[in-house]
Structures are given as C-alpha cells and as structure tokens.
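Predicted, not measured: the structure shown is a model, and the values here were computed from it. No hydrogens, no waters, no symmetry mates; every other heavy atom, side chains included, goes into these values.
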Amino acid sequence: MTNGRNKETKMYIYVADVVSVTWNKDRAEVLKRMRGKKSRQKLVDEISAKGGECSHQNLKKLEYGESESVSVKVLEAVCLALGISLKDFLSTVEVTE
C-alpha cells in the first residue's frame, strides 16, 4: 500500500482474523524443503495425529503450487506437524487490495 508521497505504508492484522493465505510456487518450494525426506503420507498421518486435517491430495497440490490459496487452519496443522510456527513459515503476511 502506498500513500500520496509514494512511500510504502505497512498494515498489520491479527492472524486470527485471516481465513486463507494466497499460495504460490515460492511457498510450495518452502513447504517441500521443510518436509524434507519425510513422505507426504507420513506428514499427513502426523497432521491427523495432532488433530489437524489435510489430505494427501491437498498436500500434493500445495507442494506443486497448484492451489491458489490455503486456509490458515490447514496451514497451521501442517506447520504444527512440521514442528514450526505459522509465523516462521509466513515471515510476512501481505495484504493486497
């Protein structure tokens, strides 16, 4: 977001107010790298064991960058199973108009 003098203005929002996050190839690569050598199915099983929901098919779409967005609920479940915080995965959340 910019103001009249062409300077960038930042807006902060609570993650609890965010329903979904735009997904792209860069985030897909980060997810693949963080999964490492663990199989997709093993990660899905760990997500389920921690009370989250994410199907093997959905995880595959995320890793191949085939999704346009992902719900914060699913992304939090994936991050929990990977042992990282959502904040660490999304170092910045961009709000676009």
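Counting only residues at least two apart or on different chains, no salt bridge (charged side-chain N to carboxylate O under 4.0 Å, His left out) pair has a member in residues 65-84. Among residues at least two apart or in separate chains, salt bridge (charged side-chain N to carboxylate O under 4.0 Å, His left out) pairs with a member in residues 38-47 are Lys38-Glu46, Arg40-Glu63, Lys42-Glu46.
Scored by the salt bridge (charged side-chain N to carboxylate O under 4.0 Å, His left out) test, Lys32 finds Glu29 as partners (sequence neighbours excluded). Looking at residues two or more places apart in sequence or on another chain, you find a side chain to side chain contact (heavy atoms under 4.5 Å, CB included) between Ile84 and Met34, Cys79, Leu82, Phe89. Ser48 meets the side-chain hydrogen bond (donor to acceptor under 3.5 Å, both in side chains) test with no other residue; sequence neighbours excluded. When the side chain to side chain contact (heavy atoms under 4.5 Å, CB included) test is applied to Ser85, the partners found at least two apart in sequence or on another chain are Lys87, Asp88.
What you find for Gly52 and Ala77 is that their closest heavy atoms are CA-CB, 3.8 Å. Nearest heavy atom pair, residue Cys54 against residue Leu59, reads SG-N, 3.9 Å. The two residues Leu80 and Lys50 come nearest to each other via the heavy atoms CG-CD, 3.8 Å. A pairwise comparison of heavy atoms in Trp23 and Val70 identifies CE3-CG1, 3.4 Å as the closest pair.
Residues Tyr64 and Val44 fall into different hydrophobic clusters, defined by Ile, Leu, Val, Met, Phe, Trp and Tyr side chains chained together at heavy-atom separations under 4.5 Å. Note: the hydrophobic cluster containing Ile13 also contains Val72 (ILVMFWY, side chain heavy atoms under 4.5 Å, direct or indirect links).
Distance check, rounded to the nearest 0.5 Å: NZ of Lys60 to CG of Asn58 gives 12.5 Å. Rounding to the nearest 0.5 Å gives a distance of 9.5 Å between CD of Glu53 and OG of Ser71. The CG atom of Asn24 lies 11.0 Å from the OG atom of Ser67; values are rounded to the nearest 0.5 Å.
Considering only heavy atoms from C-beta on, Leu90 comes within 4.5 Å of Val21 through its side chain.
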